[in-house]
Each structure stands twice: as structure tokens, then as C-alpha cells.
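Here the structure is a predicted model, which is why all the values come from computation and not from measurement. Labels below follow one simple rule: chain letters A, B, ... track the order of the sequence lines, proteins then strands, and each chain is numbered from 1.
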Amino acid sequence: MAEIALKIFRGDASGGAEKEYRVEATPGMVVLDAVLRVQATQASDLAVRWNCKAAHCGSCSAEVNGKPRLMCKTRTDEFQGKEIHVGPMRAFKLIKDLVTDVSFNYKTARMIPAFTPPAGEKAPFTMYEKDVERLYEYHKCIECFLCQNVCHVIRDHKAPFFGPRQLVRIASLEMHPKDTLDRAQFLKDTALIGYCNITKCCTEVCPEHIHITDNAIIPLKERVVDEFYDPVQWIWRKIMGRNSNGG
Amino acid sequence: MSVEKYEVHEHDVIIIGAGGAGLRAAIEASALGCSVGLICKSLLGKAHTVMAEGGVAAALANVDPQDGWQVHFGDTMRGGQFINNYRMAELHAKESPARVYELEEWGALFDRTPDGKIMQRPFGAHTYRRLCHVGDRTGLEMIRTLQDKTVASGVEVYMETTLTRLLKDGNRIAGAFGYVRETGRFVLFKAKAVVLATGGWGKVFKVSSNSWECTGDGVMMAYDAGAELIDMEMVQFHPTGMVWPPGVRGILVTEGVRGEGGILKNNKGERFMERYDPKKLDLSSRDVVARAIYTEVQEGRGSEHGGAYLDITHRGPEYIKKKLPSMHEQFLKLADVDITKQPMEVAPTIHYAMGGVRVEPETSASTVSGLFAAGEVAGGLHGANRLGGNSLSDLLVFGRRAGEGAAKYVKSLNNPLKIDEAQIESEKKLLLRPFNESGTENPYQIHEELQNAMQEGAGLARTTESLEKALKKILELQQRAQQTRVPGSRLYNPGWHTARDIVFMLTVSEAIVRCAIERKESRGAHWRKDFLSKDETWGKQNLVTYKDTSGAMKIKMMPTPQMPAELAQLFQQEPVVTAKK
């Protein structure tokens, strides 16, 4: 039976290096299978996050040959003849081996003003497919944080930019027909949406194929621009008061 | 005595597990004014609920106006072969619609009907179209909605923290003890009430749709604390798991495929369900379909890799990609199969534990004061077989009831609770055992041997002989599990974590097998090849598992609660049920 050679990063906050492991190849094997095989037979202390093994939960994010991927969805036969290098996501602080500290994403999520339907309005809501169609795409997000990992603003700057994942979430709230809040100020001053310069790296790595930049970030940027930088709107608000723009 | 310090947190209520039931319980207890701590082994939002695909069952009657709670109740009882707790099934059927609408108020978005209501799809053994869904990612929608609501409610969340021992002050719950996965440091939660929402134990089997988390730690913590368990022999095989390639064996293929018109065929191209259930066909209950596939394979009519073919190609690519996008992607990426053009290969996979902690229907209280359980870890609602979609509604209905039950219990307490250091010390000792130099066993090896033994001996088809063989192996492995040895430090060390997990898994397996040996009939998911028919006496009994004072596992019979006349009359057309003894 053929073997697969994997070079897996081993180490913690104090440092580390790649270590080579060999496991038996099986048909259709994914990188996560191989890593778990290594864990079961050769390195029981190998730290790795995973849950569903079917690309529904977004736990097993890592960098495979330098590319941010879900390990459960990355076939080993894709790399025939090439070495397979598996390492942790690099935008986040390393905890151990393939596990990183992603708590930043949960802290920012906590800050986002929650879904707020009209006071006193009770479900069932009447909502037509055409009104909610574009929301389904945002709701597909599995919070793998690969988009956050690849975002150069998060990687290169210390600015507390919320990143693509949270902008997708804000878009899903802002465009929900039953939501009553306006998060433009929050987007501008807290989520720091202005830092995104639409290089689309996030869209490229999204395993759920969400058009993060085009369908979430750009429409939100337009809202912020309309509200804060459009001179006509600005004069209109001066005359009519803050809550007069449709949003 | 070790001198190591541990982190201490204190809440009125702690909830262990952050799947649908845990989140819903947290929201409720918090709304009722309790300080709530929510503890989960993974990151928030990754619990097994996220894997649920097909939908949540609630008789909204949006597409079939004849539907109502009585019909849903009837379907659930019939599906569970009447050993369900009727009161749980009644509450579940009555309250599911309100729980689903509540999700909509919290921002959840279901597929819509043309007139702007929540869309509902047909599912196995549900009389009407009843499953509210979002394509094939309903669980994701639910967990994200509940997660956001929980966070907005101010609940304290402790991620990647594993609890392994419930602490008691006399007969009452006083908290729980365990470790933080990242650092390996010990942690104590003082709490007046504990809600277990830890899910199932599918990982004791080899072919399973469950994630690493489903080890039965919650149900076993309850057992160790003196709680009674019910129906432990009832483990559900989902008829359709992936078969090929080997790495994906067991991964779930949603019943939604059949709900959307998918047809099961054998290697002769026959629609074999015509022979097993000519009325409900491919949408028969899960136990029936799983046995049908098993039988086809056994009799030489299986698919290339030992399953059945599931064909949905006739619905056309556009419809398939809209209604079953995850399935389309999953097969394309992992199995090189385009389900819009080719049939899938499927075979039964362990999916769900019907049994679990025995609870009061109204409050989800266990038999231990201050301990509550909801969702898969609790038993009673589903009886001998769960209907698809009834799990997501279960965790909403009983998650809320458990949160409320715990909050009311906390308010009724007036004297302070004491933490017993001796209980903590004994758990610490057990946790640290695998670092002893003398151990030789690899915990992963023991886990693998257990999975093989359970799959062979206590799987879909059971006999006295196969079960006795499995039991012998389990008892042997229980000895070996005391001799594990793990390398590395306590910092994020999965081998070390597994060493404790297998202790839970071995005891939960023992309970499954002992109960399966006792129940000498075939009912629902429990298929005894040496007792092929249903037995009327057994049809009125549940099996209860508990730990006696010497620490030994005991099994006793308990009569199934009998329905009051107004519910029983719903089944009057059915002689099987009304036959009195």
C-alpha cells in the first residue's frame, strides 16, 4: 500500500518546527484523515481542532502547502508527487501545533448589535423569498475564519479591524427585512470597515463560496459612504434630522 | 493530596454543552434572572447540532393545513413504538411550533413558501410535510441563531473546557470539575444547578455520523452522580451514511435527499423499499429503511462498496443545487460523485442515541436534585426510534424547559452548598493517571478496539451471542483503560483527553450492551435476530440503568407511563396499541 508523507508543524508559543510523518494512503483520503491517523498511531499529543469532518462546522482550518484550507475538504491526491506541508493559521497566535487562538473573533462577535425586530412584532413573519434571497448566502458562513486568516489588514496591522467574517455577519443583520437597527456608525467607527481595500483575498479562500467582498463588504461600504460622506445626504440630514435616511 | 490550584467560577446555573439544547437552556435560565455559565468542549458554534441537515419538525400546517399537534404526537409515538414517554411526546408536539417561531424572532431564516411563510418538507414517517428547513443546513441556521441570542443575553461562555465530574453536596448537585483544554489546567464550577446538554455517544461505534465530541461524557457524569438512565439499548442507525471512499464512511447523507424525492435502489435497479414498506416507501421510519438496506446487502443485492444506491438525478441540477447544496458539494469534493448526474452510495451509520438520562417531562429534572438534562443526552421522548426532524425540535422544547426548570429550582434553594474536596481529589487522580510511568496502553488503540467490538456485537443486527461477546471485550478493555500512558504535557493534548473519554465510552457501551441483552424482542432500532418479533409485555416496559451503592451497574424494568384516555383515543383505529393486557 502506498504511503503519504506529511510534514506537520509541531510546536507552541515558544517555537517549533515541521516534523515528518508517514501514513498509509487510502482512496479519497483527505488531509484531516491523514493528520488524525498520525495522531492515533504516532503522536497522540498532536493538537488539532476538528468536529464534523464534512465541511459543515468550520473547525479544521489550517494552512496546507501555504494555502488556507479546511483539512476535511482537502484531498491528499491533489498533491500527488508533492510534499504535503500542514501548518496552523498564521494570522492568529499559536497555541500548539495546528491550534491557534481565535478568541479575537468571538470578542468582536459579542460587540455587534444584535438582531432587533420591530418592538412588539411577533412571528410568524411574512417574508417573501425575493426579500430574503440574498441573506441565505451570508447565513452559509461556517465560521472557519479562513477569511480572517488571509485578510492582510488583520495579518499586517494591529488595528482592531473586525475582518470579513464579522462584516458578513453585519451584512446579514443589516439586510434582514425585519431588522430595525442602523449599524453604519458601528461599521465606520468600531468595525473599521474603511480598512478593507477590497483585495478579495477573503472571497478566494471561502469554502462556502460566499462572495464576501462583492456581496457583503461593498454594499456595507456603500451604506457608510451614503450616510457619512455623501454631501447631498449630509445636507438632507442637517435639515430633516438624523433618522431620515432610508438605510 | 496534590497542591495544584485550580481556577474557580461560580454561577447559579451551569450548562454543559453548547449545542441547540444547551444554548436554548442558557437563554431561558438567563432570561429568568440566573447567572449562567455555558461550558463547551469545542469552540462555540461547532457542536453537533451544526451537522443537522434536513430540518426541524413542527406542525405549523403551512403547506398541509390538516397537520396539527395531535398528528405530530401520533407520528412520534408510532415511530418510537410506544415505549416513549407520552407526556414528553405531547409537550414536544404542542410546543414545537412556538419554539420555531421564536427562532424567527431571533433572526433565523427558513426557506419560504410562495405566500411568505416558513416552508415545510416531507420526511420519514411524518404524515404531513412538517420539516421547517433551510436547504440542507438547518442545523447551522439554528445553532448560529441560538449562539448569537445567547451571547446577546450576557451568558458567560467557557469554550474548549471539558468537565468530567459532577460534584455533590449530600444528595444535591453543587457544581462540576474538569480541565481547560488549551492549558490542561483544572477548573471548578460551583453551581446550584447543572443542565446537561452534552449530546450523544455515537463515537463508541466504528461507522458513525458523530464527531469526536460524542463520547457519552455527559450521560456518564449523570450516571456516576447517581442519576437513572433509560432506554440505553436504543441506538439509531441513520439509513443513509456515505460509504465510499473509506475516509468518509459514516458521514451523514441527509434524509432530506429522500424528502426531496430521492429513491433507494439495489444493484439490480429495483426500488426495494416497495417490498419493505409499500406505503411509505423511501420515507419509511429510519429503523425500517436501515434494516432494508442491511438486508439487501446481506442478500447480495448491495452496491459496489456494500450499500444501496440513492438517486435524486430526476429532480434536475438546478433544484438539487438549491435544495441540497451541501450534499452536492460534499459528494463532489469528497467522493468525486456529481449527485445531479449519478446516484450516491449509502449505507446505515450510527446517528443518534434515543436513550439517556431519565427526566421529568415538565422540568427536564433528572432523579438527582439540581441535575437537569435536555436534548440527546436525555431519554424518553423518542422511545425505540426517533423520527427525523424531531431532534431539533426536541432540543428547543426541552432545552427551554430545562433552563426554566433549573432556574426555578435555584430560586427554591435557601441554604448554601458545600464543595467536597475529596470528590475533586479523586477526579484529579483519575485525570492524571495516564501520566503515570507504569502505563503502557495507547488510548486511541483501546478506542478503536471498542468501536470494532460495538459495531460487530451491538450494531444493527444483534443476538445474545454477539452481545455477550461485545460485553466480554468491553470488560477486558475497562481493565486495560486503567493502564493508559500518554506522552507530552497537559497543554492541548488530545491523547490525554482521549484517555479520560474512553473511560466514559466503555461504561456507556456496557450500559448499551447490558440493556440490549435484557430486551428479548425486536422493537424500533433494537433488532434482535434471535427474538425477531415484538413482544407485548416488553412493549409496556422501559429499561432503567443505574449505579448501585457498590458501584456496580444495575438494570431494572420500569413500566412505560400509560396515556390518559384523551390521548389514547387518537390511536383507536390501531388494534396493536389499544390491546389491553
Side-chain angles (χ1 to χ4, degrees), chain A residues 12 26-30 32-33 39-41 43-59 72-73 75 95-97 99 101-103 106 109-110 112 114-115 117 121-129 131-132 135-136 139-143 169 172-173 176 178-179 209, chain B residues 42-48 50-51 60 101-102 104-107 109 111-112 114-118 134-135 137 139-141 144 148-149 151-152 157 159 182 211-213 244-248 251-252 326 329-330 333-336 442-444 448 486-489 491-496 498:
Chain A
D12 54 34
T26 58
M29 190 178 222
V30 293
L32 182 61
D33 291 329
Q39 190 189 53
T41 56
S44 69
D45 60 341
L46 169 60
V48 53
R49 284 195 183 106
W50 68 282
N51 285 76
C52 76
K53 233 180 87 54
H56 297 329
C57 77
S59 299
C72 71
K73 220 181 160 186
R75 296 265 293 259
I95 292 174
K96 185 181 158 193
D97 304 335
V99 173
D101 179 2
V102 293
S103 57
Y106 291 93
R110 228 170 226 277
I112 298 172
F115 177 72
E121 191 172 339
K122 289 273 165 206
F125 295 152
T126 302
M127 294 189 288
Y128 296 96
E129 178 113 356
D131 301 325
V132 293
L135 296 183
Y136 291 122
H139 284 225
K140 274 164 50 182
C141 173
I142 55 174
E143 297 198 327
R169 167 145 163 68
S172 79
L173 295 166
H176 195 295
K178 292 290 174 188
D179 183 72
H209 313 298
Chain B
S42 284
L43 296 172
L44 190 59
K46 310 298 183 195
H48 213 58
V50 81
M51 284 294 288
L60 310 181
Y101 284 135
E102 195 170 64
E104 208 171 54
E105 286 167 15
W106 297 342
L109 191 63
D111 282 357
R112 314 306 295 180
D115 55 349
K117 296 176 184 166
I118 293 176
V134 199
R137 49 166 198 83
L140 174 66
E141 187 69 18
R144 204 66 83 230
D148 292 342
K149 179 72 182 171
V151 166
V157 182
M159 295 197 286
E182 180 182 329
S211 88
W212 70 268
E213 294 198 281
W244 188 260
V248 302
I251 291 179
L252 185 64
S326 302
E329 175 98 0
Q330 184 173 310
K333 284 275 152 62
L334 301 177
D336 302 321
N442 174 357
Y444 289 100
E448 200 171 314
V486 295
S489 72
L491 182 73
Y492 215 117
N493 186 342
W496 177 45
T498 302

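For A:A55, no part lies near chain B; criterion is any non-hydrogen pair under 4.5 Å. With a 4.5 Å cut-off on non-hydrogen atoms, A:I142 touches chain B through its backbone and its side chain both. With a threshold of 4.5 angstrom between heavy atoms, B:P114 approaches chain A through N, CA, C or O but not through any side-chain atom. Only the side chain of A:H176 comes within less than 4.5 Å of a heavy atom of chain B; its backbone N, CA, C and O stay farther away. With a 4.5 Å cut-off on non-hydrogen atoms, B:I251 touches chain A through its side chain but not through its backbone. With a 4.5 angstrom heavy-atom cutoff, A:P117 touches chain B only via side-chain atoms. Only the side chain of A:D33 has a heavy atom closer than 4.5 Å to any heavy atom of chain B. Both the backbone and the side chain of A:V132 come within less than 4.5 Å of a heavy atom in chain B. With a 4.5 Å cut-off on non-hydrogen atoms, B:V151 touches chain A through its backbone and its side chain both. For A:M127, the parts lying near chain B are the backbone and the side chain together; criterion is any non-hydrogen pair under 4.5 Å. With a threshold of 4.5 angstrom between heavy atoms, B:A47 does not approach chain A through any atom at all. Only the backbone of B:W106 comes within less than 4.5 Å of a heavy atom in chain A; its side chain stays farther off. Of the atoms belonging to A:D101, not a single heavy atom falls under 4.5 Å from chain B. The contact between A:R75 and chain B is made entirely by side chain atoms (from C-beta outward), counting heavy-atom distances below 4.5 Å. Heavy-atom distances place both the backbone and the side chain of B:E104 under 4.5 Å from chain A. Both the backbone and the side chain of B:L44 have a heavy atom closer than 4.5 Å to some heavy atom of chain A.
Annotation: the span from A:F115 atom CZ to B:D148 atom CG amounts to 11.0 Å, rounded to 0.5 Å. Once rounded to the nearest 0.5 Å, the distance linking NE2 of A:H139 with CZ of A:R169 reads 8.5 Å.
Checking side-chain atoms of B:E182 against main-chain N and O of A:V99 turns up no donor-acceptor pair under 3.5 Å. Looking at B:W212, its side chain does come within 3.5 Å of a backbone N or O of A:W50 through a donor-acceptor pair.
Between B:E213 and B:K46 there is no salt bridge, since no side-chain N of the basic residue sits under 4.0 Å from a carboxylate O of the acidic one. Salt bridge status for A:R49 with A:E143: absent, with no side-chain N to carboxylate O gap under 4.0 Å.
Contact count against chain B (heavy-atom pairs under 4.5 Å) is highest for A:H209 among A:M29, A:H209, A:E121. Contact count versus chain B (heavy atoms, under 4.5 Å) is highest, among A:A114, A:C52, A:A43, for A:C52.
A cation-pi contact, defined as under 6.0 Å to the ring centre and within 45° of the axis, links A:K178 to A:F125.
Partners of A:Y136 by side-chain hydrogen bond (donor to acceptor under 3.5 Å, both in side chains), not counting sequence neighbours: none found.
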